[in-house]
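Please read these numbers as outputs of a predicted model, since none were measured by experiment. Count residues from 1 along the sequence.
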Amino acid sequence: MATATYPPPPPYYRLYKDYSENPNSAPEPPPPIEGTYVCFGGNYTTEDVLPSLEEQGVPQLYPKDSNVDYKKELRSLNRELQLHILELADVLVDRPSQYAKRIGEISSIFKNLHHLLNSLRPHQV
């Protein structure tokens, strides 16, 4: 029984055989998917919706206004994160049994930072 090092190409390569002479001979690409679809057994949607922090069970540490000053809030949360990390170091030295509370606070700050950054993504597009 002979085996090939490389498998043969898929049969649809024949659709592109005249592409070098006539670039318009290639088939049109499929239309983009809209709505929900299944991929690897999971249901996904093409609508990008950022869930609120309350829906995720995380307290929101910045104002809930629609006109948030992102630069100011990100700086504020970054300073707060630095302070909480320093406090965590003190807690680990003095009162190691209370580290879980500090870790929860740091996690909440990180989630707020990520939520603010993710809310800026539509502006980047």
Side-chain angles (χ1 to χ4, degrees):
M1 174 177 210
T3 59
T5 305
Y6 298 106
Y12 57 83
Y13 80 94
R14 293 183 189 98
L15 298 173
Y16 298 91
K17 66 182 177 181
D18 297 330
Y19 186 76
S20 59
E21 293 100 30
N22 182 9
N24 296 330
S25 67
E28 292 292 319
I33 298 173
E34 293 183 12
T36 59
Y37 61 95
V38 178
C39 182
F40 299 114
N43 291 330
Y44 298 96
T45 181
T46 57
E47 299 166 2
D48 289 332
V49 178
L50 182 64
S52 69
L53 287 169
E54 286 81 20
E55 291 174 15
Q56 300 174 19
V58 179
Q60 187 167 337
L61 303 176
Y62 56 90
K64 297 180 182 177
D65 299 348
S66 60
N67 52 356
V68 175
D69 184 7
Y70 290 100
K71 188 174 181 180
K72 179 180 151 241
E73 294 303 327
L74 286 169
R75 280 187 179 166
S76 172
L77 286 171
N78 192 20
R79 286 189 195 113
E80 194 172 341
L81 177 64
Q82 292 172 357
L83 176 68
H84 276 76
I85 289 175
L86 286 174
E87 287 178 358
L88 175 64
D90 288 339
V91 165
L92 287 174
V93 170
D94 298 334
R95 303 172 304 276
S97 61
Q98 297 179 0
Y99 82 96
K101 177 184 173 194
R102 298 294 180 188
I103 295 292
E105 293 170 353
I106 290 172
S107 175
S108 175
I109 294 171
F110 269 122
K111 289 176 182 174
N112 275 269
L113 278 168
H114 280 278
H115 191 268
L116 266 177
L117 290 173
N118 285 335
S119 63
L120 282 174
R121 297 219 187 272
H123 300 292
Q124 293 174 344
V125 172

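Pairs engaging residues 19-39 under the salt bridge (charged side-chain N to carboxylate O under 4.0 Å, His left out) rule: none recorded [sequence neighbours left out]. Note on residues 103-112: pairs passing salt bridge (charged side-chain N to carboxylate O under 4.0 Å, His left out), not counting sequence neighbours, are R102-E105. Sequence neighbours left out, not one pair with a member in residues 66-108 passes ring pair (Phe, Tyr, Trp, His ring centres under 6.0 Å).
Side chains of T36 and N43 form no contact here, defined as non-hydrogen atoms less than 4.5 Å apart. The shortest side-chain heavy-atom distance between L86 and D90 does not fall under the 4.5 Å cut-off.
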Please tabulate, for the side chains in residues 6-15, all donor-acceptor contacts under 3.5 angstrom to protein atoms that are two or more places apart in sequence or on a different chain.
none

Could you pull out every donor-acceptor pair under 3.5 Å between side chains of residues 45-60 and any protein atom, sequence neighbours left out?
from : atom 1 : to  : atom 2 : distance (Å)
T45  : OG1    : E47 : N      : 3.4
T46  : OG1    : G35 : N      : 3.0
T46  : OG1    : G35 : O      : 3.4
S52  : OG     : E55 : N      : 3.3
E54  : OE2    : K64 : NZ     : 3.4
Q60  : NE2    : Y62 : O      : 3.4
Q60  : NE2    : P63 : O      : 3.4

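How far CG of L77 is from NZ of K72: 10.5 Å, rounded to the nearest 0.5 Å. Separation of atoms CD (E87) and CD1 (I106) is listed at 8.5 Å; rounding is to 0.5 Å. We find the CG-CG distance between L113 and N78 to be 6.5 Å, quoted to the nearest 0.5 Å. Rounding to the nearest 0.5 angstrom, the gap separating the NE2 atom in H115 from the CG atom in L61 is 12.0 Å.
What you find for N112 and S108 is that their closest heavy atoms are ND2-O, 2.8 Å. A pairwise comparison of heavy atoms in V68 and E73 identifies CG1-CG, 3.6 Å as the closest pair.
In this structure, I85 is a member of the same hydrophobic cluster as L92, with clusters built from ILVMFWY side-chain heavy atoms closer than 4.5 Å.
A 6.0 Å sphere centred on CZ of R95 holds more than 12 heavy atoms belonging to other residues, nucleotides or ligands.
Evaluation of the ring pair (Phe, Tyr, Trp, His ring centres under 6.0 Å) rule for Y44 yields Y37 as partners, not counting sequence neighbours.
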